[in-house]
Amino acid sequence: MTINLHSVSSSSLSMSLLLPSLRPLFSDGDVSSLIELRRDLHRHPELSWQENRTATRLAEVVAALGAETVTRVAGTGVVARFAGRDRSAPLVAVRGDIDALPIEEATGLPFSSSAPGVMHACGHDIHGTWAVGAAMMLARNPAAGDVLVVLQPAEEVGEGAKAILETGALDDVKAIFGGHVDRRFAVGQVVADAGPLAASADTFEIELVGKGAHGARPHESADPVVGAAALITALQTIVARRIDPAAAAVVTVGSIHAGTAPNIIPERATLTGTLRATTPETRAAIGTEVRRIAESIAESYRLTAHATVHLGTPPIVNPPNAAAWARQAASTVLGEAAVVPFGLTNMGGEDFAFYLERMPGCFMRIGAREDGGERLAAHSPRFTAAEESIFVGAAVLAESARVASAALKGA
Ligand SMILES: [Zn+2]
Ligand SMILES: [Zn+2]
């Protein structure tokens with residue numbers, strides 16, 4: 001691996017970038033190679049489904065770490081298998097997503113994006129790197145069973161996890177672990193709560209069809225504009241009056257289109273929006289209510305409704321057993337105080353949820369705010385995660401795989 005560290009001096013690398021409890025796990029050489037990898041990925045961001053350079057580079061790196069097999073899957077995904085101590089023990093997986101966003105970078109970092117209008121603004125450069133770091137740890141100190149290191153494309157468009165599952169590459173996996181950098185938490189803090197951690201992200205489209213007329217002769221029309229106004233208000237009663245107030249949910253109408261002129265009542269109006277929920281039950285209820293209310297409001301305004309709900313990513317609901325394995329892993333490598341509760345509800349979506357529909361696992365939030373740093377949100381042109389979080393993510397993912405593997409073997 002080429003070492004090109006810019007501002008970081010190699011003599012003090014492990015001391016400056018590693019939390020004390022992680023120092024026995026990473027040599028200066030490990031630290032510099034992972035930092036170099038992260039900066040290289042950051043400098044060359046690629047959009048969802050275009051991660052060719054990224055996948056090629058990551059495949060080379062995991063092969064060099066001693067992966068038994070390295071397979072390109074779903075186009076720009078990579079799955080690498082690291083041998084366990086007992087080949088008959090259950091298979092587990094760790095996942096890092098690798099795609100970037102269509103944002104012009106404004107961090108001013110010396111390794112800023114070289115691709116105009118494309119940026120690692122969600123920290124997936126770190127996620128890819130910590131998956132490689134986990135591979136490094138597992139090659140040295142294997143889990144009971146084999147571990148798959150999954151480098152996943154196209155998370156930002158909510159398609160990559162599903163595509164990898166459809167290849168069958170993870171069919172034998174018994175537990176999967178992943179995480180997201182989070183600047184609301186300091187480097188060294190890890191959230192691995194059981195229960196809801198990210199919301200479902202579905203979209204809807206409703207077309208209201210009526211009868212057009214002259215704007216001065218409304219009695220000859222069936223006015224979809226008035227119907228749309230009533231429908232928007234009625235849709236807000238789903239969260240207010242249909243969903244348990246203790247369950248989080250969102251119904252947002254994000255666009256409405258109708259009409260061409262001030263004095264013409266149009267024939268149709270189209271509304272689109274997003275639906276969020278933190279449990280599968282709430283998600284299903286919201287979708288049903290959107291369709292029901294669209295049809296009944298349309299009926300009362302003499303309109304016809306065509307309502308479609310497009311299912312996106314499911315909610316992430318960490319099952320208790322896998323969350324406990326992840327918390328145990330984080331306590332082992334960082335100390336018990338490192339494990340903190342989420343303490344908030346995240347209505348963003350994350351396609352790791354597709355894995356959890358098929359197998360147990362835990363999605364973590366990994367603290368990525370350096371000392372005195374700002375609480376920047378992901379998807380900001382100024383977003384960057386603290387480099388120290390690479391080693392936290394790597395160590396916690398590797399240890400989660402070991403804990404899960406041992407627990408599943410004993411089960
Ligand atoms: Zn993102
Ligand atoms: Zn992300």
Side-chain angles (χ1 to χ4, degrees), residues 1 3 5 7-39 41-42 58 61-62 65-66 82 92 94-96 123-143 147 149 177-192 323-340 362-373 384-406:
M1 221 180 257
I3 312 286
L5 284 168
S7 59
V8 183
S9 108
S10 64
S11 59
S12 62
L13 271 176
S14 59
M15 289 301 283
S16 64
L17 288 169
L18 293 177
L19 296 170
S21 69
L22 297 179
R23 284 178 196 153
L25 301 179
F26 297 91
S27 68
D28 268 359
D30 298 339
V31 172
S32 57
S33 65
L34 291 172
I35 295 283
E36 188 275 334
L37 174 64
R38 182 272 170 141
R39 293 183 178 189
L41 298 180
H42 193 90
L58 291 168
V61 175
V62 286
L65 288 172
F82 285 82
V92 302
V94 298
R95 170 272 209 174
H124 300 186
D125 49 338
I126 301 267
H127 302 172
T129 306
W130 72 31
V132 168
M136 192 182 256
M137 305 281 94
L138 289 162
R140 266 178 218 154
N141 179 8
V147 178
V149 174
F177 298 88
H180 207 291
V181 288
D182 193 330
R183 292 187 62 95
R184 289 170 293 198
F185 298 93
V187 170
Q189 292 184 313
V190 175
V191 175
W325 294 333
R327 285 198 302 277
Q328 186 187 328
S331 300
T332 301
V333 298
L334 298 162
E336 263 175 45
V339 181
V340 295
C362 182
F363 191 72
M364 294 172 252
R365 307 297 300 191
I366 307 280
R369 189 181 76 243
E370 59 285 314
D371 257 356
T384 184
E387 274 180 334
E388 296 92 317
S389 64
I390 293 170
F391 311 99
V392 176
V396 172
L397 286 176
E399 185 63 15
S400 296
R402 291 189 199 105
V403 172
S405 185

Would you name the heavy atoms of [X] and [Y] that are closest together and state the gap between them?
| X | Y | value |
| --- | --- | --- |
| A395 | L22 | CB-CD2, 3.7 Å |
| A368 | A385 | CB-CB, 3.8 Å |
| G393 | I366 | N-CG2, 4.2 Å |
| V339 | A330 | CG2-CB, 3.8 Å |
| I126 | A386 | CD1-O, 4.1 Å |
| G188 | L334 | O-CD1, 3.8 Å |

**Report entry** Chi angles and distances behind the side-chain contact (heavy atoms from CB on, under 4.5 Å) call for L397, M364
**Finding:** CA-CA 9 Å; L397 286 176; M364 294 172 252; 4.0 Å; yes

Hey, what do you get for [atom1] ([X]) to [atom2] ([Y]), rounding to the nearest 0.5 Å?
| X | Y | atom1 | atom2 | answer |
| --- | --- | --- | --- | --- |
| R140 | F82 | CZ | CZ | 11.5 Å |
| L37 | H42 | CG | NE2 | 13.0 Å |
| F185 | S389 | CZ | OG | 14.0 Å |
| F391 | W130 | CZ | CH2 | 12.5 Å |
| E387 | S16 | CD | OG | 9.5 Å |
| F26 | S33 | CZ | OG | 10.0 Å |

Report task. Please determine which of I390, T129, D30 meets the side-chain contact (heavy atoms from CB on, under 4.5 Å) test together with I35. Result -> I390

Report task. Using ring-ring contact (aromatic ring centres under 6.0 Å, His included) as the criterion, list what pairs up with H180, not counting sequence neighbours. Result -> H124, H127

Query raised in the report: Would you call V31 and L18 a side-chain contact if the rule is heavy atoms closer than 4.5 Å?
Result: yes

Requested in this report: Report yes if some heavy atom in the side chain of L25 is under 4.5 Å from a heavy atom in the side chain of M137; otherwise report no.
Outcome: yes

Run the salt bridge (charged side-chain N to carboxylate O under 4.0 Å, His left out) test against [X] and tell me which residues pass, sequence neighbours left out.
| X | value |
| --- | --- |
| R183 | E370 |
| R23 | none |
| R184 | D182 |

**Report entry** Polar side-chain atom of S21 near backbone of V333 as donor-acceptor pair, under 3.5 Å
**Finding:**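 Yes, S21 side chain to V333 backbone: donor-acceptor pair under 3.5 Å.
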
Query raised in the report: Is there a side-chain contact (heavy atoms from CB on, under 4.5 Å) between F177 and C362 once you walk through the steps?
Result: CA-CA 5 Å; F177 298 88; C362 182; 3.9 Å; yes

Query raised in the report: Who passes side-chain hydrogen bond (donor to acceptor under 3.5 Å, both in side chains) against T384, sequence neighbours left out?
Result: R38

Query raised in the report: With sequence neighbours left out, which residue pairs that include part of residues 390-405 fulfil the salt bridge (Lys or Arg N to Asp or Glu O under 4.0 Å) condition?
Result: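 Non-adjacent pairs meeting salt bridge (Lys or Arg N to Asp or Glu O under 4.0 Å): E399-R402.
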
